[in-house]
Amino acid sequence: MADSVRVRFAPSPTGYMHVGGARTALFNFLFARRHGGRFLLRIEDTDRTRFQKEAMDEIFSSLEWLGLEWDEGPGREGDVGPYVQSERAELYQRHARKLLESGHAYPCFCTPERLAAMRQEQERARLPGAGGYDRHCRNIDPEVAARRMAAGEPFVTRLKVPDDRLVTFHDEIRGDIATRSELLDDLVLLKSDGLPTYHLANVVDDHFMDITHVLRGDEWISSTPRHILIYEAFGWSLPVFAHLPVILAPGGGKLSKRHGAASVTDYRNAGFLPEALVNFLALLGWAPGEDREIMNREEMIAAFELARVSAKASVFDEQKLEWMNGQYLARRDPQTLLEPVTMIWREKGWLESEAAADPDYRLAVIQLLQPRSRKITELAEQAAYFFNDPQEYEAKPARKHLRAEAAPRLRRLVEELESLTAFSATGLENLYRRLAEEMALSAGKLIHPTRLALSGVGHGPGLFELMETLGRAATLRRMRAALEWIVTGEEESPPESPDSAQKGDGQ
RNA sequence: GGCGCUAUCGUCUAGGGGUUAGGACGGGUGAUUCUCAGUCAUCAAACCGGGGUUCGAAUCCCCGUAGCGCUGCCA
């Protein structure tokens, strides 16, 4: 199985785990599974100044939450580890030395100051086609260079980029891409701190980790010719390349925290389900070709093809994500929602009552709200009246349904409800229908005032299910309170906005 | 500035020389119903511009324009 597929996701632990990164990881994962290959995780932490421990933890927890299990990587050692680049420094140094010895690279003693001045000068002169390192150290006499190195003078190792070469490679998504080598400058392979740059580490690792397909963000397209030159310098064979399109924010531009949510953690906290986020991300830049949208993991794996990945950047449409999340939320086993939703309720301090302590009660509430919520947070927030009697009534429906004429009807309902034997959804519905007929009213004239009395808002689950869940005691208590409110004529008081109960995004 | 990548409804996309240019989200309308959500039905909504190739171009080629990326001892 020497030539079976091996792909990797190689994030750098320098910040939060962006959904774009998650999508790259997902495509790698799907591709590996599709071909019965291996999905590796490699941590690219060669920039010590930008390294963040929390970022590393976030990479792990985000991938785990999304269910993107890596076959090899930190915590799951394979034959080609370690999988953290800072632990492989010696390997890169050895290979940089090889290139120095073979004449493919040379030491560069230029100071950061000189390089900055050089760049400034280039900028000023606006040299067409130039730019990049000016090869100042490329032709230092080898003897001199060796002496300076031995003397401990700091240096970096640079690749000796050949002149006048056409560097070509095939991208599985975009086709053939060609670049003239003289447009590439002599890039740094090994930094003066002894750690490799991304370019060197990436090539060396992909080679020794037997990576067969490099699927990465398209910001790497212009680096790929450099990487190819490095492969050639070592005499190594090339992996297959495929550059994935980027994910943009709605206005265009990078999706960042400024747009609200950008990281996997943000979406998790906002109440999204991992399977919904995965499904949504999969469809950003890829389409199975049939008009399918909702797909589980196995279906996505079975259908995934690189040839069907788009080359075009796509905009992250949160509304569609919400719709998709709602689809998954409605179909979720309510039992699996109990824990996350309870957590939110507990934070809100809604679980004080005896009824709320009962998991069966909470489960019933979840089932009632499930089909009318798009996010876990939204579901949780909608449940306020299941735990506390309404303190006020939504103004608009209250004006309509809690008028003076509703009072006698509510009074009658209270009487009947006190003695109703079957306090169940069907029993309640029968009662309401019967009374409506008896009183020569439409059922709505009874239903709406009751809903207001019980929930304080004009929308929500079916009234009879609501009553059954709330139970007789709470139902009667709330109806009497509403009656009191009507009688004491408080109707002018609540100047609250008609839809103040909306607006549901978790904080 | 240089180099590169990209370009179908507002958004995600299907299609790839001859199609009523299809689906989904969002929006409109209607049905169901006690409200909301859901569901179902239905409507509006697109081939960036200009040249070329061709009997015929959204599709192939070129140019332009726009967006994005790279141009670091960052990844």
Side-chain angles (χ1 to χ4, degrees), chain A residues 10-15 44-47 49-50 108 110-112 115-116 119 122-123 125-133 154-158 171 173-174 177-180 183-185 187-193 195-199 201-202 217-225 243 245-246 248 250 252-254 280 283-294 308 310-324 326-327 330 369-374 382 397 401 429 432 436 442-448 450-452 455 457-464 466:
Chain A
S12 169
T14 53
E44 308 222 328
D45 60 342
T46 54
D47 185 345
T49 60
R50 294 205 305 155
C108 167
C110 292
T111 61
L115 294 173
R119 255 174 232 120
Q122 284 172 349
E123 181 72 16
R126 272 274 155 82
L127 298 173
Y133 183 58
F155 70 95
V156 301
T157 304
R158 284 186 187 272
D171 184 287
I173 295 169
R174 288 150 221 270
I177 296 176
T179 312
R180 298 231 45 100
L183 263 11
L184 273 22
D185 68 348
L187 63 144
V188 173
L189 298 171
L190 203 65
K191 302 182 268 187
S192 57
D193 65 1
L195 285 175
T197 58
Y198 167 80
H199 304 295
N202 193 261
D218 72 6
E219 68 267 29
W220 298 109
I221 291 178
S222 31
S223 301
T224 306
H243 289 93
V246 295
L248 267 21
K254 276 203 197 86
F280 175 74
L283 260 21
L284 231 39
W286 172 71
E290 314 146 51
D291 292 326
R292 282 202 290 168
E293 300 268 333
I294 303 284
R308 300 199 64 89
S310 161
K312 189 189 125 192
S314 43
V315 173
F316 194 98
D317 180 2
E318 194 161 323
Q319 281 199 315
K320 183 156 185 178
L321 206 213
E322 287 196 8
W323 163 77
M324 194 168 268
Q327 296 289 314
L369 265 16
Q370 238 178 306
R372 31 182 65 78
S373 310
R374 309 192 118 196
Q382 280 193 75
H401 302 299
E429 176 150 18
Y432 268 66
S442 67
K445 292 273 187 283
L446 263 25
I447 289 169
H448 294 300
T450 308
R451 172 190 308 287
L452 252 301
S455 70
V457 295
H459 58 90
L463 179 69
F464 309 114
L466 170 62

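Throughout, protein chains are lettered first and strands after them, A, B, ... in sequence-line order, and every chain is numbered starting at 1. Below, all heavy atoms of this structure are taken into account, side chains as well, without hydrogens, waters or symmetry copies.
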Considering only the [atom1] atoms, how many Å lie between [N] and [M], rounded to the nearest integer?
| N | M | atom1 | value |
| --- | --- | --- | --- |
| B:G64 | B:A41 | C1' | 45 Å |
| B:U35 | B:C47 | P | 41 Å |
| B:G27 | B:G15 | C1' | 25 Å |
| B:C60 | B:U6 | P | 12 Å |
| B:U33 | B:G16 | C1' | 46 Å |
| B:A21 | B:C36 | C1' | 37 Å |
| B:A58 | B:U20 | P | 14 Å |
| B:C68 | B:C48 | C1' | 16 Å |

Which pair of heavy atoms, one from [X] and one from [Y], lies closest together, and at what distance?
| X | Y | answer |
| --- | --- | --- |
| A:Val156 | A:Ser192 | CG1-N, 3.7 Å |
| A:Phe316 | A:Pro250 | O-CG, 3.7 Å |
| A:Arg174 | A:Pro245 | NH2-N, 3.7 Å |
| A:Gln319 | A:Arg374 | O-NH1, 4.1 Å |
| A:Val315 | A:Leu284 | O-CD1, 3.9 Å |

Under a 3.5 Å limit for both distances, which nucleotide forms a Watson-Crick or G-U wobble pair with [N], could you say?
| N | answer |
| --- | --- |
| B:U19 | none |
| B:G1 | B:U71 |
| B:C47 | none |
| B:U39 | B:A31 |
| B:C25 | B:G10 |

All side chain to side chain contact (heavy atoms under 4.5 Å, CB included) counterparts of A:Thr224, not counting sequence neighbours |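 If we apply the side chain to side chain contact (heavy atoms under 4.5 Å, CB included) test to A:Thr224, skipping adjacent residues, the hits are A:Phe169, A:Arg216, A:Ile228, A:Phe241, A:His243.
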
Pick out the pairs of N or O atoms, protein on one side and nucleotides 7-9 of chain B on the other, that lie under 3.5 Å.
residue, atom, partner, partner atom, Å
B:U8, OP2, A:Lys312, NZ, 2.8

Base, sugar-phosphate alone, or nothing: which one does [X] contact when heavy atoms must sit under 4.0 Å apart?
| X | result |
| --- | --- |
| A:Gly217 | nothing |
| A:Pro11 | nothing |
| A:Glu44 | sugar-phosphate |
| A:Cys110 | base |
| A:Lys445 | nothing |
| A:Phe464 | base |
| A:Arg119 | sugar-phosphate |

Please round to the nearest 0.5 Å and tell me the distance separating atom [atom1] of [X] and atom [atom2] of [Y].
| X | Y | atom1 | atom2 | answer |
| --- | --- | --- | --- | --- |
| A:Ile173 | A:Ile221 | CD1 | CD1 | 9.0 Å |
| A:Glu429 | A:Ile447 | CD | CD1 | 7.0 Å |
| A:Leu446 | A:Leu463 | CG | CG | 9.5 Å |

Rounding to an integer number of Å, can you tell me how far [X] [atom1] sits from [N] [atom2]?
| X | N | atom1 | atom2 | value |
| --- | --- | --- | --- | --- |
| A:His199 | B:C70 | NE2 | P | 11 Å |
| A:Arg292 | B:A14 | CZ | P | 14 Å |
| A:Asp171 | B:C70 | CG | P | 16 Å |
| A:Leu187 | B:U71 | CG | C1' | 12 Å |
| A:Lys320 | B:G27 | NZ | P | 14 Å |
| A:Leu195 | B:C73 | CG | P | 15 Å |
| A:Leu284 | B:A14 | CG | P | 12 Å |
| A:Gln319 | B:A24 | CD | C1' | 13 Å |

Under 4.0 angstrom between [X] side-chain N/O and [N] OP1 or OP2:
| X | N | answer |
| --- | --- | --- |
| A:Ser222 | B:C5 | no |
| A:Arg374 | B:G26 | yes |
| A:Ser314 | B:U13 | yes |
| A:Arg50 | B:G72 | no |

Within the distance-only criterion (no hydrogens, no angle test), does the side chain of [X] pair as donor or acceptor with the backbone N or O of [Y] below 3.5 angstrom?
| X | Y | result |
| --- | --- | --- |
| A:Arg451 | A:Gly462 | no |
| A:Arg308 | A:Ala287 | yes |
| A:Thr157 | A:Leu190 | no |

Between N or O atoms, less than 3.5 Å apart, protein on one side and nucleotides 19-22 of chain B on the other: list the pairs.
residue, atom, partner, partner atom, Å
B:G22, N2, A:Asp291, OD1, 3.3

Identify whether the distance between the nearest side-chain nitrogen and carboxylate oxygen of A:Glu293 and A:Lys320 falls below 4.0 Å.
-> yes

Options [options], nucleotide nearest the side-chain atoms of [X]:
| X | options | value |
| --- | --- | --- |
| A:Ser223 | B:C34, B:A75, B:U13 | B:A75 |
| A:Pro112 | B:C3, B:C73, B:C5 | B:C73 |
| A:Leu115 | B:C68, B:C73, B:C34 | B:C73 |
| A:Val315 | B:C12, B:C73, B:U35 | B:C12 |
| A:Asp317 | B:G4, B:C73, B:G10 | B:G10 |

For residues A:Pro196 and A:Leu189, determine if any side-chain heavy atom of one lies less than 4.5 Å from a side-chain heavy atom of the other.
-> no

Mind checking side-chain hydrogen bond (donor to acceptor under 3.5 Å, both in side chains) for A:Ser314 and listing every partner two or more places apart, or none if nothing turns up?
-> none

Donor/acceptor link under 3.5 angstrom from [X] side chain onto base of [N]:
| X | N | answer |
| --- | --- | --- |
| A:Arg174 | B:C5 | no |
| A:Ser192 | B:C73 | yes |
| A:Glu290 | B:G23 | no |

Under the ring pair (Phe, Tyr, Trp, His ring centres under 6.0 Å) rule, collect the residues that match up with A:Tyr198, sequence neighbours excluded.
->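 Scan of A:Tyr198 (ring pair (Phe, Tyr, Trp, His ring centres under 6.0 Å), adjacent residues dropped) gives A:Trp220, A:His227.
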
Distances under 3.5 Å between nitrogen or oxygen atoms of protein and nucleotides 39-44 of chain B:
residue, atom, partner, partner atom, Å
B:U39, OP1, A:Gln327, NE2, 3.2

